[in-house]
Amino acid sequence: MASTQAPSTTGQVVPAEPGTPQGSGVDREFTVTARSQRQQILRRLFRNKVGMSGLVLFGVILAFGFIGPLVYGVDYAVQDVNSQSVPPGTDGYVLGSDAIGRGLMQGVQRTLFIVLIFVVIALPLGLLVGALAGYFGRWVDSTLMRLVDLILTVPLFVVLIVVASNFPESRTPLGVGIILGLFGWLDLARIVRGQFLSLREKEYVEAAHALGASDKRIIFKHLIPNALGSIIVWVTLAAAAAIGLEAALTYLGFGVNQANATSLGRLVSDGVQAASTRPWLFYFPGITLLLIVLAINLIGDGIRDAFDPSHRRVRA
């Protein structure tokens, strides 16, 4: 009667089964490093050709406006009576100057200064109103949103003209930036409110409430960071819109309009009548204005794609 014995593996080659590790017989472990949310966002942004193109273009404009004066050694804030309406290529005025000797570089500086003032004022106002309305709801939401709706019933451009016409001393880069900021936060408030209405129902917010976290901590530690993508996208798009509003106000005579005060909008407004005889006075500021708006919009598109996985075009 045949007996059943386990086959001996001494000195024999045992064929490997499918899926069995080869070699020394030691299982190899593959370690996958998990990326944080911030790393994933930055990775998607840096791989986004549209966003990076806008970032590079904006960097070139910044270098032109702020490093250019240091290279040429000209204080463009001072009127130069010896360099009035000089053509492009003149020493110190690579793209020409206006009728009182101001350069395009100073116009870039003042326009970006206006945008900075606008963001510094509008961002906290919109964030505060939207956060309070979206988080607390009920009568707080109703009161604040009815106030926003009331202001929105009047076209923003009309409001800006009325304010600027009644405060002529505000027609400086600082004054125009303040006016734009005081009336430019309404859309952000509605965006933040919508985000908070959705985020406050999440499980981690309920857990924070159960652990005794204060409303302030929940808003700043949990809700605002999760709404950051929408906020940053608004900043980029609103900054581009503010540049256009400033140029339009100045063209109509309600923007930057004081002596020795300039901006790209002011240069375009002053140069439009001389476009046929001295084209650099009109076309160069206008093209620069368009390039800044284009760069900011491209950056905004790249940031939107980086924060929103449904829009991403590259693998994270």
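- Under the side-chain contact (heavy atoms from CB on, under 4.5 Å) rule, Val235 has a single partner from Leu123, Ile303, Ile299, Leu188, which is Leu123.
- The CZ atom of Arg304 sits 10.0 Å away from the OG1 atom of Thr236 when rounded to the nearest 0.5 Å.
- A donor-acceptor contact shorter than 3.5 Å links the side chain of Ser53 to the backbone of Lys49.
- Listed here is the closest heavy atom pair of Gly300 and Val233: O-CG2, 4.1 Å.
- Looking at heavy atoms from C-beta onward, Phe118 lies out of side-chain contact with Leu245 at the 4.5 angstrom threshold.
- With hydrogens and angles disregarded, no donor-acceptor distance shorter than 3.5 Å links the side chain of Ser198 to the backbone of Gln195.
- The backbone N or O of Ala247 sits nowhere less than 3.5 Å from a side-chain atom of Thr250 that would complete a donor-acceptor pair.
- The environment of Phe66 atom CZ is dense: over 12 non-hydrogen atoms of other residues, nucleotides or ligands sit within 6.0 angstrom.
- In terms of heavy-atom proximity, Val268 sits nearest to Gly286 at CG2-N, 3.6 Å.
- Among all heavy-atom pairs drawn from Trp234 and Ala122, the shortest one is CH2-CB, 3.9 Å.
- By the criterion of side-chain heavy atoms lying less than 4.5 angstrom apart, applied directly or through intervening Ile, Leu, Val, Met, Phe, Trp or Tyr residues, Ile151 is grouped together with Val163 in one hydrophobic cluster.
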Intermediate values then yes/no, side chain to side chain contact (heavy atoms under 4.5 Å, CB included), Asp149 and Thr153: CA-CA 6 Å; Asp149 293 339; Thr153 56; 5.6 Å; no
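- Residues Gly54 and Leu298 approach most closely at CA-CB, 3.7 Å, considering heavy atoms.
- Side-chain contact between Leu237 and Asn297: present, with at least one pair of heavy atoms (C-beta onward) separated by less than 4.5 Å.
- For the atom pair Ile219 CD1 and Leu199 CG, the distance stands at 11.5 Å (nearest 0.5 Å).
- The existence of a salt bridge linking Asp187 and Arg190 is excluded, since no basic side-chain nitrogen approaches an acidic carboxylate oxygen closer than 4.0 Å.
- Side-chain N or O atoms of Thr111 include none that pairs as donor or acceptor with a backbone N or O of Val108 at under 3.5 Å.
- Neither Leu197 nor Leu132 shares a network with the other; the hydrophobic side chains, linked directly or stepwise wherever heavy atoms of I, L, V, M, F, W or Y lie under 4.5 Å apart, form separate groups for each.
- Of all the heavy atoms in Ile114 and Pro173, the pair that sits closest is CG1-O, 3.3 Å.
- In terms of hydrophobic clustering, with Ile, Leu, Val, Met, Phe, Trp and Tyr side chains grouped at heavy-atom distances under 4.5 Å, Leu289 and Phe64 are assigned to a common cluster.
- Here the side chains of Ile243 and Ile296 are in contact, with some heavy-atom distance below 4.5 Å.
- Val192 is not listed as a side-chain neighbour of Tyr135, based on a closest heavy-atom distance of 4.5 Å or more.
- Around the CZ atom of Arg146, the shell of radius 6.0 Å holds more than 12 heavy atoms that belong to other residues, nucleotides or ligands.
- Dense packing is recorded around CZ of Phe157, with more than 12 heavy atoms of other residues, nucleotides or ligands lying under 6.0 Å away.
- Neither Ile292 nor Leu116 shares a network with the other; the hydrophobic side chains, linked directly or stepwise wherever heavy atoms of I, L, V, M, F, W or Y lie under 4.5 Å apart, form separate groups for each.
- Residues Asn226 and Tyr204 have side chains in contact (heavy-atom distance under 4.5 Å, counting atoms from C-beta outward).
- Scanning both residues, Glu246 and Gly265, for their nearest heavy atoms gives OE1-N, 3.8 Å.
- Rounding to the nearest 0.5 angstrom, the gap separating the CZ atom in Phe284 from the OG1 atom in Thr288 is 8.5 Å.
- Placement of Val60 and Leu55 in two distinct hydrophobic clusters is found when ILVMFWY residues are connected by side-chain heavy-atom separations under 4.5 Å, directly or transitively.
- In this structure, Leu291 and Ile287 have side chains that are in contact, with non-hydrogen atoms separated by less than 4.5 Å.
- With values rounded to the nearest 0.5 angstrom, Leu150 atom CG is found 12.5 Å from Met145 atom CE.
- Between the CD1 atom in Ile161 and the CG atom in Leu156 there is a gap of 10.0 Å [rounded to 0.5 Å].
- Separating the CZ atom in Arg138 from the OG1 atom in Thr143 is a distance of 13.5 Å, to the nearest 0.5 Å.
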Ile178 vs Leu174, side chain to side chain contact (heavy atoms under 4.5 Å, CB included): CA-CA, chis, key distance, verdict: CA-CA 6 Å; Ile178 293 175; Leu174 177 61; 4.1 Å; yes
Pair Trp185-Leu127, side chain to side chain contact (heavy atoms under 4.5 Å, CB included): steps then yes or no: CA-CA 8 Å; Trp185 54 269; Leu127 190 57; over 6 Å; no
Steps toward side chain to side chain contact (heavy atoms under 4.5 Å, CB included) verdict (Phe183, Leu160): CA-CA 8 Å; Phe183 295 96; Leu160 296 177; 4.3 Å; yes
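- Taking the side chain as every heavy atom from C-beta outward, Thr262 and Val256 never approach each other to under 4.5 Å.
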